[in-house]
Structures are given as C-alpha cells and as structure tokens.
Amino acid sequence: MPPQTQDPRRRLLVRHAKNPILSAVDWPYFINTVFNAGAVRLPSGETLLLCRVEECSGRSHLCAARSKDGVTGWIIDPEPTLLPDAENYPEESWGIEDPRVVWVPELEKYVVTYTCYSPAGPGVSLALTHDFREFQRIGSVMPPEDKDATLLPRRIGDRWVMVHRPMPGSGRANIWISFSPDLKHWGNHTVVLKAKRGPWWDATKIGISPPLIETKEGWLMMYHGVKFTTAGSIYRVGLALLDLDDPTKCLRRGDNWILGPETEYERTGDVGSAVFPCGFTIDDDGDTMNLYYGAADTCIALARGSITGMLDWLGMHSTPGDPPLE
Ligand code: BMA
C-alpha cells in the first residue's frame, strides 16, 4: 500500500487551514447550522456564498455572505436573503435548501437552482437574480422527489440544459439531464450517470455537487455519492466528464472519490460523515478552483485544487463512458 502522501487524491483538493470558514457562531442572527452554499465571484472580485441556513425549527432558508478574499472577513446579510414563500409557492412550505448558482450571460442574471421542500417531498425550483437582493422566482420546475439540480450556463443548440436527480420508488437514484426552451417547461429527460451497486462509494444514490465546469475536454462534473453502511451514510465527491455538445453522453467516470469526510468538522456534526459541495469560484489564473462545501451539515469549509489537475487525474483514474452497473 503506497503511503498516503502518494495518493493522487491528496493533490487534487487541499483543505484550507482556516476551515471551517463559516459556522453558526458567525451568523448575525440565531441559527442552528449553515452549510451547502452556492458560490460566485462578483464583478467586484468579491466572493458571494449563498448559504443554506437551517433554523432551529429545522426548516432552511438562504442567506448571502460576501468576502474580499473568499476566506475571511465575511459580511453576512443581517436577515435571511431568500425565505421560503409558502403562500405563493406551497412547494416551499417546509423550506428551501442547497442552492447552486450559475451566471448566465444570455440572461445577464444569476440563475439559482434550489430544493423546494414541502409535505409532497423535495422538488427543484429556479429563481433569477442580478444582485442577490431581489429574486424573480420561476417556481417549481421538477416535481417531487427530485433535487441536486444545476443549470448549464448556456443553451446547447436552442435549449437550456438542467442536470438533476429524481428519486424513483426503487431507491436507486441516478443523475438525469433535461432540456427546456424557456427554463419553465422541461422534457427529453435522459439518464446521464447511474448509481453503482454493491461496495462502491457511489452506489445507490448519486447527484451533482456544484455546477458543471466547461473545459476544452468536456463538462467537468463533480458529483456526490452516498454509501450506506451499518453505521449510517457517507457522502463523498467524485468526478465525471460529459461531452461538450451532447452532455447526455458521459465520456469518463472516475473510479475513486476525490473528497470524503476525514477531518473532525467533516465527520462530526448534525449529519456526520458528509462533505457536500454546492459551489466554487475560479481564480484569475482560470485554473485554481475554490470549492465550498457543507461539512457534516453543520458548517462551511473550503478546499482548493486545479481544474487541469482534475482533468489529468480523470484521464488516468477513470473508465470510459458510464460503465455497466455490475
Ligand atoms: C442530502 C441533501 C443535503 C445534505 C445531505 C447530507 O440528501 O439533503 O442537503 O447535506 O443529504 O445530509
């Protein structure tokens, strides 16, 4: 067995020394936990995290935190930024969760995909914003049970593309892609990546993590896998590459996870053994990724890595296409 320092995963994502970078004690109002944040770099150069905040009722809302260096000095909205609107959107009556944010040049707006939660179950909703102060809701676009959704930042052909994770009765949850002419009406639903079986880290339940990254080689997709064990679930993150022109086609799927719960703040919390990235920013070099992830459903942590490094790793540690289930 090679020493851990030889493990190629170690070089892909490096945890920040100041982790966790945000937790409930930092909040200007009383909350239970803060985790699973969408992330963008604003035109000012600031990093904005749109965080999932869990209230002491157990329901969640979204709150924006801004920082000059993306690590320290966070200025957090003094009140919730986006609250569930159960009156007009009953699908949000149990809260809103896990936002992913993409800048869409054609719309000159950020599109937020988030989980709307109600007695009917979790579904997918969309909202548009240009400043993270005013939001224009498109409403629910995927009925329960469905979650873990992100929009591609541009149309392919003339259709918008959404990656998401419906939850069928069988319990095996795969990643799907759907298409829309107008962001509201979605169809041509296609499975793009299937959950594996048996001992794999990504058996039974998978879903996207942050938004996809457009590279020359394809859409780089970080996705989470859930391993069920007798001691509970373990949430980890791995990589796949989708075809640029036809993202329903998986070009490569990594064998191993690249980020899993290891540290105290990832292993211990409201939901232990969970790392759950929903957003990243990219530095001026166009290659260094700052990946923001929820740790143990309790706080937000940061890991940095190189996109080129991830593509190189995928080239060496993956199987072409989406391998068969067995
Ligand atoms: C998933 C989502 C995430 C959560 C994770 C671990 O199903 O609901 O919001 O972080 O479980 O509890």
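Remark: D69 engages S67, V71, T72 in a side chain to side chain contact (heavy atoms under 4.5 Å, CB included) (not counting sequence neighbours). Take E214 and apply the salt bridge (charged side-chain N to carboxylate O under 4.0 Å, His left out) test, not counting sequence neighbours, and it matches R154. T204 pairs by the side chain to side chain donor-acceptor pair (under 3.5 Å) definition with nothing, not counting sequence neighbours. Residues meeting the side chain to side chain contact (heavy atoms under 4.5 Å, CB included) test with R66, sequence neighbours left out: L42, E46, L48, A64, D77, F132, R133. Shown here are the side chain to side chain donor-acceptor pair (under 3.5 Å) partners of R236, two or more places apart in sequence or in another chain: there are none. Contacts of D148 classified as salt bridge (charged side-chain N to carboxylate O under 4.0 Å, His left out), with partners at least two apart in sequence or in another chain: R100, R165.
Shown here for C51 and W27, the closest heavy-atom pair between the two residues is SG-CH2, 3.9 Å. Nearest heavy atom pair, residue G254 against residue L314, reads N-CD2, 3.5 Å. The nearest pair of heavy atoms linking L291 to P277 is CD1-CB, 3.7 Å. When all heavy atoms of K205 and Y235 are compared, the closest pair comes out as NZ-OH, 3.7 Å. The shortest non-hydrogen separation linking V237 to W201 is C-CH2, 3.8 Å. The minimum heavy-atom distance linking V53 with C63 is given by the pair CG2-CB, 3.8 Å.
No continuous path of ILVMFWY side-chain contacts below 4.5 Å connects F276 to I208, so the two sit in separate hydrophobic clusters.
Atom CZ of F179 and atom CH2 of W186 lie 9.0 Å apart (nearest 0.5 Å).
Ionic pairing of R155 and E106 is present here: one or more N-O contacts between side-chain nitrogen and carboxylate oxygen are shorter than 4.0 angstrom. Salt bridge status for D284 with R41: present, with a side-chain N to carboxylate O gap under 4.0 Å.
For the residue pair T319 / D255, a side-chain donor-acceptor distance below 3.5 Å is found, with atom types taken as modelled. Judged by distance alone, the side chains of S180 and H185 never bring a donor and an acceptor atom under 3.5 Å apart. Looking only at atom types and distance, the side chain of D98 has no donor-acceptor partner in the side chain of T115 under 3.5 Å away.
Atom NZ of K184 sits in a crowded spot, with more than 12 heavy atoms from other residues, nucleotides or ligands closer than 6.0 Å. By the 6.0 Å contact criterion, CD on E79 is open, its count of non-hydrogen atoms from other residues, nucleotides or ligands being 12 or less.
Residues R304 and D283 are in side-chain contact: their nearest non-hydrogen atoms beyond the backbone lie under 4.5 Å apart. Proximity of L244 to W219: side-chain heavy atoms (C-beta onward) are separated by under 4.5 Å at one or more points. Counting heavy atoms from C-beta on, the side chains of D202 and W257 never come closer than 4.5 Å. Proximity of L128 to V112: side-chain heavy atoms (C-beta onward) are nowhere separated by under 4.5 Å. Taking the side chain as every heavy atom from C-beta outward, H61 and P84 approach each other to under 4.5 Å.
Figure legend: cation-pi geometry between R59 and Y117 absent, as NZ or CZ is not positioned both under 6.0 Å from the six-membered ring centre and within 45° of its axis. At least one cation-pi condition fails for R52 and F35: the charged atom is not both under 6.0 angstrom from the six-membered ring centre and inside a 45 degree cone around its axis.
Of the residues listed (D287, D285, V14, L12), the one engaging S306 in a side-chain contact (heavy atoms from CB on, under 4.5 Å) is D287, and it is the only one.
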Salt bridge (charged side-chain N to carboxylate O under 4.0 Å, His left out) evaluation trace for R15 with E266: CA-CA 11 Å; R15 289 168 174 80; E266 293 161 349; 2.8 Å; yes

